[in-house]
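In each ligand, atom 1 is the first atom listed, and ligand 1 is the first ligand listed.
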Amino acid sequence: MAGPAPVVAAARTAVARALDDVPAGSLVLVACSGGADSLALAAATAFVAERSSRGSRGSRALRAGAVVVDHGLQPGSADVAAAAAVTCRVLGLDPVEVVRVDAGGPGGPEAAARDVRYAALAATAQRLGAAAVLLGHTLDDQAEGVLLGLARGSGARSLAGMAARRDLLRRPFLGLRRADTEAVCAAHGLTPWHDPTNTPAPGDRAAPVRSRVRGEALPVLEDVLGPGVAVALARTAALLREDADALDALAAELLAEAALAAADASATGPAGDADAPGPAGDADTPGTPGPADAPATEQPPAGPGVVLDVTTLARALPAVRRRALRQAAARAGSPPGSLTRAHVLAVDALVTAWHGQGPADLPGPVVASRACGRLRLHPRTHEGE
Ligand SMILES: Nc1ncnc2c1ncn2[C@@H]1O[C@H](COP(=O)(O)OP(=O)(O)OP(=O)(O)O)[C@@H](O)[C@H]1O
């Protein structure tokens with residue numbers, strides 16, 4: 001007997017690999033919108049769970065269910081969600097839950113819907129005791145995100161795109177194309193729902209920007225640069241993920257080292273010699289602490305927050321140091337998504353271009369200030385400090 005179509009087999013293999021560390025007996029949940037990607041994922045996951053039950057002495061090795069989130073943003077969304085849930089049950093997934101959310105939060109409709117969706121998926125997984133939540137993002141989704149990130153001037157972490165695994169979340173289809181998931185659905189006789197906002201009319205400036213990247217920008221790039229642009233963008237994400245992971249690890253080490261050095265210095269008394277401004281107009285001189293003439297009244301930073309040794313920070317490479325400062329700001333209470341490069345450079349200048357400038361204001365609100373060879377990042381108090 002002929003086996004499944006190659007694309008069906010590829011989808012099943014991708015799901016099985018994504019779940020290879022999930023303990024026997026676990027429940028895994030497919031996040032299903034009813035679109036082609038997540039319906040194909042539901043079909044592949046149902047197969048993998050069913051097959052896992054055959055080789056495990058009667059007890060099901062894996063249980064697979066589904067969560068359908070109804071954002072209530074479009075007329076008929078409840079019907080779309082109900083239809084997706086029915087299809088998931090027919091495929092053999094159990095339990096299947098429809099979760100209604102209120103997507104009217106801040107940040108624009110797309111961002112708000114995404115935030116409440118992820119929160120609903122996490123809450124449902126916790127309530128049902130699921131070991132993993134599977135998402136249907138494909139290589140094309142990854143490529144679109146990288147292109148958007150490039151156009152917005154993002155750094156390596158953002159260009160690294162979506163992780164194949166992060167906490168409970170798994171994205172088995174990052175190596176599959178959107179056309180593959182359509183083909184998997186067709187092979188199973190499934191009719192996916194096509195979200196009308198995903199296919200806006202050309203030039204529709206009111207359409208979600210990601211849909212326009214998908215429908216207009218990427219096709220133009222493929223036309224000009226040749227086919228393979230999406231694959232190349234996804235490869236960029238994979239390469240930068242390795243780089244960003246390495247740099248983040250180095251930055252975390254630097255942060256720990258700089259915090260330890262600051263604590264050691266505190267234990268041995270105020271430094272008092274590293275904070276006099278350098279020569280006037282010398283703001284770009286990197287990493288050169290000024291002469292030992294700090295005002296006698298200056299005290300080392302006190303109170304809560306993150307305290308770091310400036311000399312340790314100044315020795316590091318800019319890419320590592322600026323990441324460490326970003327991590328420090330986040331630790332002090334700055335929402336990472338709100339920290340711009342300008343914010344990070346302002347804190348970096350306190351380390352490498354010190355000329356007695358005042359504190360740097362960061363989102364949170366958090367304040368970064370330098371005194372006695374130490375950099376302190378802390379939540380702004382109501383006294384305005
Ligand atoms: N309403 C929803 N309910 C549950 N999961 C969802 C929902 N919307 C999206 N997801 C999950 O997030 C993934 C990516 O979402 P995105 O909005 O990019 O969907 P998409 O590209 O339209 O995918 P699909 O074809 O699966 O709808 C989906 O494949 C699915 O796993």
inquiry  = Between D140 and R214, does any NZ, NE, NH1 or NH2 come within less than 4.0 Å of an OD or OE carboxylate oxygen?
reply    = no
key: With sequence neighbours excluded, residues passing side chain to side chain contact (heavy atoms under 4.5 Å, CB included) with S38   = C32, S33
Anything under 3.5 Å between a donor and an acceptor, one on a side chain of residues 7-20, the other on a protein residue two or more places apart or in another chain? List them.
{"from": "T13", "atom 1": "OG1", "to": "A9", "atom 2": "O", "distance (Å)": "2.8"}
{"from": "D20", "atom 1": "OD1", "to": "R165", "atom 2": "NH2", "distance (Å)": "2.9"}

Validation: residues 85-94 side-chain donor-acceptor distances under 3.5 Å, sequence neighbours left out:
{"from": "T87", "atom 1": "OG1", "to": "A83", "atom 2": "O", "distance (Å)": "3.0"}
{"from": "R89", "atom 1": "NH2", "to": "V96", "atom 2": "O", "distance (Å)": "3.1"}

ask   = Linking I/L/V/M/F/W/Y whenever any side-chain heavy atoms sit under 4.5 Å apart, do V344 and V306 land together?
value = no
request  = Using a strict 4.0 Å threshold on nitrogen-to-oxygen distance, state whether R326 and D248 make a salt bridge.
outcome  = no
List of N/O pairs, ligand 1 versus protein, all under 3.5 Å?
{"from": "ligand 1", "atom 1": "1 (N)", "to": "V69", "atom 2": "O", "distance (Å)": "2.8"}
{"from": "ligand 1", "atom 1": "3 (N)", "to": "C32", "atom 2": "O", "distance (Å)": "3.3"}
{"from": "ligand 1", "atom 1": "3 (N)", "to": "V69", "atom 2": "N", "distance (Å)": "2.9"}
{"from": "ligand 1", "atom 1": "5 (N)", "to": "C32", "atom 2": "N", "distance (Å)": "3.4"}
{"from": "ligand 1", "atom 1": "21 (O)", "to": "D37", "atom 2": "OD2", "distance (Å)": "3.3"}
{"from": "ligand 1", "atom 1": "22 (O)", "to": "N198", "atom 2": "ND2", "distance (Å)": "3.4"}
{"from": "ligand 1", "atom 1": "23 (O)", "to": "D37", "atom 2": "OD2", "distance (Å)": "3.3"}
{"from": "ligand 1", "atom 1": "25 (O)", "to": "A36", "atom 2": "N", "distance (Å)": "3.2"}
{"from": "ligand 1", "atom 1": "25 (O)", "to": "D37", "atom 2": "N", "distance (Å)": "3.0"}
{"from": "ligand 1", "atom 1": "25 (O)", "to": "D37", "atom 2": "OD2", "distance (Å)": "3.4"}
{"from": "ligand 1", "atom 1": "26 (O)", "to": "S33", "atom 2": "OG", "distance (Å)": "3.4"}
{"from": "ligand 1", "atom 1": "26 (O)", "to": "S38", "atom 2": "N", "distance (Å)": "2.7"}
{"from": "ligand 1", "atom 1": "26 (O)", "to": "S38", "atom 2": "OG", "distance (Å)": "2.7"}
{"from": "ligand 1", "atom 1": "27 (O)", "to": "S33", "atom 2": "OG", "distance (Å)": "2.3"}
{"from": "ligand 1", "atom 1": "29 (O)", "to": "G136", "atom 2": "N", "distance (Å)": "3.1"}
{"from": "ligand 1", "atom 1": "31 (O)", "to": "A31", "atom 2": "O", "distance (Å)": "2.6"}
{"from": "ligand 1", "atom 1": "31 (O)", "to": "G136", "atom 2": "N", "distance (Å)": "2.9"}

